[in-house]
Amino acid sequence: MGSQFQFLGLYFWVVFCIYSSITVESQNVSGGGTIEGTVLINGSASIGRIDDDFICATMDWWPPEKCDYGTCSWGHASMLNLDLNNTVLLNAVKAFSPLKLRLGGTLQDKVIYDTGSPPQPCTQFVKNSSELFGFTQGCLPMSRWDELNNFFKKAGALVIFGLNALNGRNLSSDGSALGPWDYTNAASLIRYTVNKGYVIYGWELGNELSGNGVGVRVAADQYASDVLSLQHVVEDLYKNSDVKPLVLAPGGFFDAGWYKQLVTTIPKSLDVVTHHIYNLGPGVDTHLIDKILDPTYLDGEANTFSSLQSILKSTATNATAWVGEAGGAYNSGHNLVTNAFVFSFWYLDQLGMSATYDTKTYCRQTLIGGNYGLLNTTTFVPNPDYYSALLWHRLMGRTVLSTNFTGTKKIRAYSHCAKQSPGITLLLINLDGNTTVQVHVTTQHAALYKTSTLRHKHRHHKHRSHKTRFTQMPRDHKNSRITREEYHLTAKDGNLHSQTVHLNGNILTVNSSGDIPPLEPISVNRSDPITVAPFSIVFAHIPDIDVPACR
């Protein structure tokens, strides 16, 4: 018996060594060829829920004279001069049915509203380097506000308007904005909006004034007092309305101490806590693509999502978290990077990661304007990220599932219950330009449907379910009639800088009438692995996966 045990021990040791060697080898292959990997989806319970209209885009105030690093990339994309009669623009927004639009940006805190209350001249922005943010005060004429709201109604957009939070304050030499917010002009705009019957989804106070601020800052206790003022204005002016808009703040960069003080001070007054993301650094950075293709660098933003959720859960607030503005690279982005195919790797990874941390809405900077628009600033033709956003919107449902991939660190994997259809939708992003990955799908769920707290791979793993079942999707039965739908996104000619994207090998482009093209999938035998080509993105709708979280 002793010799048999020794033999069995030696046998298992050899098998273990071989398996370990294969595993290590498969995880380190990056020199080309094809490798296999497995995605494990835990369907016991959701790890987050997003808004049905999770996708959001921003519209900004920057005039044509806004320039960065010697390049002026805004053209006529401002809310004040954008061609609202452009057919492509209208169709691009309508395609989402609905698309959230957050109206704001740096200059929002220098905009007055020409309502006549208080009476003041309505002058437009003029470039002046000695002024805060490099421009003089600007103005929104009510005639333009009427035009914008007519467009939003026609396009079916949900509007979040960013209010001027610096009105009435004194600016000190150290960058602090002192004194309470003068809400008189903002209240007059809200009153005008209500009287006109314009539907506003939310009113947001201020832009990037939290923490150290960008150019200027407001202390957290004062900001809390100002949010209370906004809440009172909204409650008063909408007291006869069936639907009351959300109150959002602070629309700034996350600072844990500042944000905690804000939320703790007014736990019941905020509906949404918003924060901004430009984690790739300045648009002039020559290493943007290196950062985008580095999974370790991408993982770094998880701490912000996690920290904000910790604050919300540790206080008495019912407020939810939104990303209110995210352009990746600040100062207008980088031409042929943040408006090219490569940026979909960053953008979709951000959408996936933020959703796993219960972020409800994600607003992309911008719908149009700068070098990070979903639409080309001049032609209005959709850039690759527009189609990435539209596919997400149509395929990824509200319920977020824990998803872990093994095989290579260059694959980013996220899954949700499918949107308005059975099964799940899996998102796979291949950051490797040389390696094709054959992905096998495995689901895990608890037989007794006990709650699982297994989180996305960026989190600490803690799993408390028993009688766990692992269901390996079949790899044989080649004659099976069960299929799944796949959407493969690739760059034209494999060029990451390309602004033309292929869907399943076909170029996506608007037609002569300005219509957004249909996004048609290919049908693949359910038993086959999902093939993820180098530098590609795949959405896979798998209709026959039935897990408790999606019932």
Side-chain angles (χ1 to χ4, degrees), residues 27 29-30 34-41 54-55 277 279-280 288-302 305 326 328 337-338 340-357 362 364 383-396 400-416 424-441 456-458 486-491 494-498 501-504 508 519 521 529-542:
Q27 291 180 346
V29 170
S30 60
T34 301
I35 64 171
E36 293 194 354
T38 299
V39 62
L40 172 61
I41 299 169
F54 175 74
I55 297 293
I277 295 176
N279 61 324
L280 297 175
L288 291 177
I289 290 184
D290 295 333
K291 294 176 180 178
I292 292 168
L293 299 179
D294 181 353
T296 302
Y297 191 92
L298 295 178
D299 287 346
E301 194 61 29
F305 297 123
V337 176
T338 54
F341 178 80
V342 69
F343 209 51
S344 280
F345 296 145
W346 176 85
Y347 180 39
L348 286 173
D349 188 66
Q350 278 280 299
L351 297 182
M353 185 190 300
S354 65
T356 67
Y357 288 93
Y362 193 107
R364 166 63 180 267
N383 285 321
D385 281 2
Y386 173 85
Y387 296 111
S388 295
L390 189 55
L391 280 170
W392 174 289
H393 177 74
R394 292 179 177 177
L395 297 172
M396 304 292 273
V400 188
L401 304 175
S402 175
T403 310
N404 287 275
F405 182 85
T406 55
T408 169
K409 293 180 179 179
K410 287 287 191 174
I411 287 285
R412 313 288 284 183
Y414 302 96
S415 67
H416 290 213
I424 67 166
T425 302
L426 175 63
L427 168 61
L428 297 166
I429 305 167
N430 190 353
L431 303 177
D432 193 319
N434 298 308
T435 305
T436 297
V437 184
Q438 301 285 352
V439 178
H440 303 278
V441 181
H456 184 269
K457 62 185 177 183
H458 301 304
E486 294 183 359
Y487 304 77
H488 293 251
L489 296 175
T490 53
N495 180 9
L496 293 182
H497 296 281
S498 176
V501 61
H502 287 157
L503 173 61
N504 298 323
L508 291 176
L519 305 180
I530 301 170
T531 300
V532 189
F535 283 156
S536 75
I537 296 161
V538 180
F539 287 89
H541 173 218
I542 311 173

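The figures here come from the full heavy-atom set of this structure, side chains too, leaving out hydrogens, waters and symmetry mates. This one's a predicted model, so the numbers in the text were calculated from it and none came from an experiment. In this chain, residues are counted from 1 in sequence order.
The CG atom of Leu426 sits 11.5 Å away from atom CG of Leu395, with the distance rounded to the nearest 0.5 Å. To the nearest 0.5 Å, the span separating CG on Asp349 from CG on Leu298 amounts to 5.0 Å. Atom CG of Leu351 sits about 9.0 Å away from atom NE2 of His416, to the nearest 0.5 Å. Atom OH of Tyr487 is separated from atom CG of Asn504 by 8.5 Å, given to the nearest 0.5 angstrom. Atom CG of residue Leu288 and atom CG of residue Asp290 lie 9.0 Å apart, to the nearest 0.5 angstrom. How far CG of Leu391 is from CE of Met396: 10.5 Å, rounded to the nearest 0.5 Å.
Lys410 and Leu293 get closest at one heavy-atom pair: NZ-O, 2.8 Å. Smallest separation of non-hydrogen atoms from Gly37 and Val437: N-CG1, 4.3 Å. A pairwise comparison of heavy atoms in Gln438 and Pro529 identifies OE1-CG, 3.5 Å as the closest pair. Closest of all the heavy-atom pairs between Arg412 and Met353 is NH2-CE, 3.7 Å. Shortest non-hydrogen contact noted between Phe405 and Ala413 is CB-CB, 4.0 Å. Closest of all the heavy-atom pairs between Leu431 and Ile292 is CD2-O, 4.0 Å.
Annotation: side-chain hydrogen bond (donor to acceptor under 3.5 Å, both in side chains) contacts of Ser388 (sequence neighbours excluded): Ser344. Under the rule for a ring pair (Phe, Tyr, Trp, His ring centres under 6.0 Å), Tyr387 has no partner lying at least two apart in sequence or in another chain.
Side chain of Thr403 to main chain of Ser415: a donor-acceptor pair is present (N/O by atom type, distance under 3.5 Å, no hydrogens or angles). No donor-acceptor pair under 3.5 Å is formed between the side chain of Lys291 and the backbone N or O of Asn279. In this structure a side-chain-to-backbone donor-acceptor pair under 3.5 Å is missing from Asn383 to Asp385. At least one donor-acceptor pair under 3.5 Å links the side chain of Ser354 to the backbone N or O of Gln350. Between the side chain of Asn430 and the backbone N or O of Ala533, at least one donor-acceptor pair lies under 3.5 Å.
Note: Phe305 and Tyr357 have parallel aromatic rings, judged against thresholds of 30 and 60 degrees for the angle between ring planes.
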Discussion item. One pair to check against side chain to side chain contact (heavy atoms under 4.5 Å, CB included): Val337 and Val342. What are the steps and the verdict?
Written reply: CA-CA 6 Å; Val337 176; Val342 69; 4.2 Å; yes

Discussion item. Side chain to side chain contact (heavy atoms under 4.5 Å, CB included) for Thr406 and Leu40? Distances and angles first, verdict last.
Written reply: CA-CA 8 Å; Thr406 55; Leu40 172 61; over 6 Å; no

Fill in: Candidate pair Phe539 and Trp392, rule ring pair (Phe, Tyr, Trp, His ring centres under 6.0 Å), full reasoning
CA-CA 8 Å; Phe539 287 89; Trp392 174 289; 7.0 Å; no

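Put simply, the residue from Phe341, Tyr347, Phe343 that forms a ring-ring contact (aromatic ring centres under 6.0 Å, His included) with Phe345 is Phe341.
Counting heavy atoms from C-beta on, the side chains of Phe535 and Thr490 never come closer than 4.5 Å. Counting only heavy atoms from C-beta outward, the side chains of Leu489 and Leu503 approach each other to under 4.5 Å. The closest side-chain heavy-atom distance from Val439 to Val538 is not below 4.5 Å. Here the side chains of Asn404 and Val39 are not in contact, with every heavy-atom distance at 4.5 Å or above. Side-chain contact check for Ile55 versus Tyr362: every heavy-atom pair is 4.5 Å or farther apart. For the pair Thr436/Val532, no side-chain contact is recorded, criterion being any heavy-atom separation below 4.5 Å from C-beta on.
A donor-acceptor contact closer than 3.5 angstrom links the side chains of Glu486 and His488. Between the side chains of Thr435 and Asp432, at least one donor N or O sits under 3.5 Å from an acceptor N or O.
Salt-bridge annotation for Lys409 and Asp294: absent, with no side-chain N of the basic residue lying under 4.0 Å from a carboxylate O of the acidic one.
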